[in-house]
Amino acid sequence: MLFRCLLAALLIAGLGLRGQNVDESLLDMEAPRGERFKFLGWADFLYDDSDRPGTESFHDISQIYLNLQFRIAPGWRAFAEVEYEHLPNIRGTQTKTEILLERAFIEYKRSSAMRFRLGKFNTPAGIWKPLHWAVTVDTITPPIMEENGYIPIKSVGFEFCGTRSTRRGEMNYALLASDVTDRVGNDQSLDEARALGGDINYTHAEKIKSGLSLYSYKELKDNDSSVNGVLVYFELDPWRGRLLCRSEFLALERRGGLGARAFYGKLKYQLTPKQYLNYRYDRGDDERNAEGNKRTINSLTFAYWPTNNLRIKLEAGYNQIKSSPRESFWRWATWTGYIF
Amino acid sequence: MGDMDRLHFLMNGMMFAFFLVLLPQSREHGFLVVTSQKSQIESLTSFQLKQIYLGRLDRLKGIPLTPLQLKKGDPLRRGFETYLFGELFDLENYWLGQSLKLEAEPPMTVGSWALILAFVERNPGFIGYLPEDRVDALARYRVKILRIEE
């Protein structure tokens with residue numbers, strides 16, 4: 001208080017002097033606006049191997065993504081994303097190399113509380129799925145629920161979403177109506193299925209996040225192929241970014257068929273802004289890689305960003321499959337990604 | 001400078017001296033958060049300020065908000081971001097995720113705190129920051145200091 005009064009006195013005493021001069025010509029400058037076109041891309045190299053009998057190692061460029069955004073008019077944007085994909089399955093044998101139109105939509109943003117999208121976009125569900133790209137997730141291998149696509153990553157249709165902030169919290173919400181374009185879990189795809197779903201989550205004081213996603217897929221030709229999914233998730237940040245705890249739990253019910261359950265919990269310790277350690281416990285019904293048997297994975301990932309554009313991850317995981325006979329094996333991988 | 005100009009300058013200076021004594025909380029961090037005097041917003045919580053600079057809060061009291069930031073590498077910007085997000089928060093990674101999800105957009109970047117004052121004065125929804133020791137510059141612009149509550 002004394003310092004402030006002294007400072008105030010000095011200011012009053014100095015009023016006879018001219019203060020800081022600002023170049024008046026700068027006032028006529030227009031406020032800079034966002035670019036009309038935005039281009040973003042990234043590519044990665046993956047090495048993946050395991051000691052599971054009958055597997056092969058994989059090492060190759062696995063993904064190249066190209067995004068283009070175009071600002072049509074105030075509030076209106078068009079977006080397209082193309083991916084080159086060349087990923088291994090759990091046995092290391094290569095998947096079919098594909099070039100995919102990952103996303104393409106028109107968006108109208110009235111405010112952060114009201115956004116509308118029409119086209120192909122990411123399914124808003126949980127924490128992992130909206131940020132599922134290799135350059136943004138904390139690990140190399142996705143959780144079992146994501147590998148199986150129990151809630152498909154992509155939807156084609158209409159989405160309404162938004163964010164509302166209070167003085168100390170934030171709520172995010174999304175509703176969508178779409179066609180299903182991906183498999184849901186096992187290899188029986190849902191042809192001509194329609195989906196309705198939504199997601200809502202709340203973060204309080206930047207420390208606790210909890211959310212719920214509900215999705216229903218109805219096969220128009222065959223009701224027995226209808227699927228309902230519930231995803232519950234939590235995230236805790238008790239140490240201002242130093243330690244992050246997260247879990248997601250999925251329950252899938254199939255009318256006339258077997259359901260599926262999957263869960264993961266993780267701890268992420270931030271060593272520096274560009275280095276972290278991530279431990280994840282993963283357990284679930286694995287239809288794509290283990291014939292529907294329960295699979296458990298304990299994995300540890302170390303990540304390092306040498307520069308803002310270059311990212312490196314090292315990962316090792318111990319897998320156990322509750323098959324007959326039981327299987328257990330180690331899987332390890334290194335990943336390097338470059339953003340351009 | 002005429003007598004009326006001197007009187008006007010003196011009155012503005014005394015008003016700001018009065019504000020110095022009252023001490024809005026943002027001054028304790030080495031910077032001042034400012035907005036236009038025409039704005040109805042008088043205070044923000046630190047959470048709201050963070051949400052504004054993360055592009056997740058773009059409207060308050062019906063006013064569209066536009067945050068302004070200094071150029072990358074500016075010591076004041078580094079200090080402001082450390083206060084707001086903490087030392088471990090990877091802001092580059094955050095904006096990468098936002099670009100991929102097509103959600104929030106980064107604050108508008110301007111070349112100097114003087115430009116921040118100029119833009120903020122002319123636009124009620126603009127919010128910016130300047131060094132605490134430049135409080136004397138406020139006398140020349142119709143801007144006010146926002147109170148930041150924890």
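Note that the structure is predicted; figures quoted are calculated from it, not measured.
Taken to the nearest 0.5 Å, the OG1 atom of A:Thr203 stands 7.0 Å off from the CZ atom of B:Phe47. Separation of atoms CG (B:Leu88) and CZ (A:Arg240) is listed at 9.5 Å; rounding is to 0.5 Å. From B:Gln51, atom CD reaches atom CZ of A:Arg168 across 12.5 Å, with rounding to the nearest 0.5 Å.
Proximity to chain A is limited to the backbone of B:Glu87, based on heavy atoms less than 4.5 angstrom apart. Both the backbone and the side chain of B:Arg56 come within less than 4.5 Å of a heavy atom in chain A. Contacts of A:Arg164 with chain B are absent, with no heavy-atom separation under 4.5 Å from either backbone or side chain. Interface residue A:Glu206: backbone and side-chain heavy atoms are both found under 4.5 Å from chain B. Heavy atoms closer than 4.5 Å to chain B are found in the side chain of A:Asn67, but not in its backbone. Of the two parts of A:Phe105, only the side chain, counted from C-beta on, holds a non-hydrogen atom closer than 4.5 Å to a non-hydrogen atom of chain B. For A:Ser111, the parts lying near chain B are the backbone and the side chain together; criterion is any non-hydrogen pair under 4.5 Å.
Taking 4.5 Å as the limit, every side-chain heavy atom of B:Leu54 sits out of range of all side-chain heavy atoms of A:Glu170. Counting only heavy atoms from C-beta outward, the side chains of A:Trp42 and B:Leu96 never approach each other to under 4.5 Å. Residues B:Lys101 and A:Trp133 have side chains in contact (heavy-atom distance under 4.5 Å, counting atoms from C-beta outward). By the 4.5 Å heavy-atom criterion applied to side chains, A:Phe121 and B:Leu102 are not counted as neighbours.
The two atoms that bring B:Ser99 and A:Leu40 nearest to each other are CB-CD2, 4.0 Å, heavy atoms only.
Between A:Ser165 and the choices B:Leu60, B:Asp58, B:Leu57, the side chain to side chain contact (heavy atoms under 4.5 Å, CB included) rule is met once, by B:Leu57.
Applying the side-chain contact (heavy atoms from CB on, under 4.5 Å) test to A:Arg167 and every residue at least two apart in sequence or in another chain returns B:Thr45, B:Gln48, B:Glu149. Shown here are the salt bridge (Lys or Arg N to Asp or Glu O under 4.0 Å) partners of A:Glu248, two or more places apart in sequence or in another chain: there are none.
A salt bridge links A:Lys38 and B:Glu105; the closest N-O separation between the charged side-chain nitrogens and carboxylate oxygens is under 4.0 Å.
Heavy-atom pairs under 4.5 Å with chain A peak, among B:Leu91, B:Asp90, B:Leu68, at B:Asp90. With respect to chain B, the highest number of heavy-atom pairs below 4.5 Å among A:Gly169, A:Ala113, A:Ala205, A:Pro130 belongs to A:Gly169.
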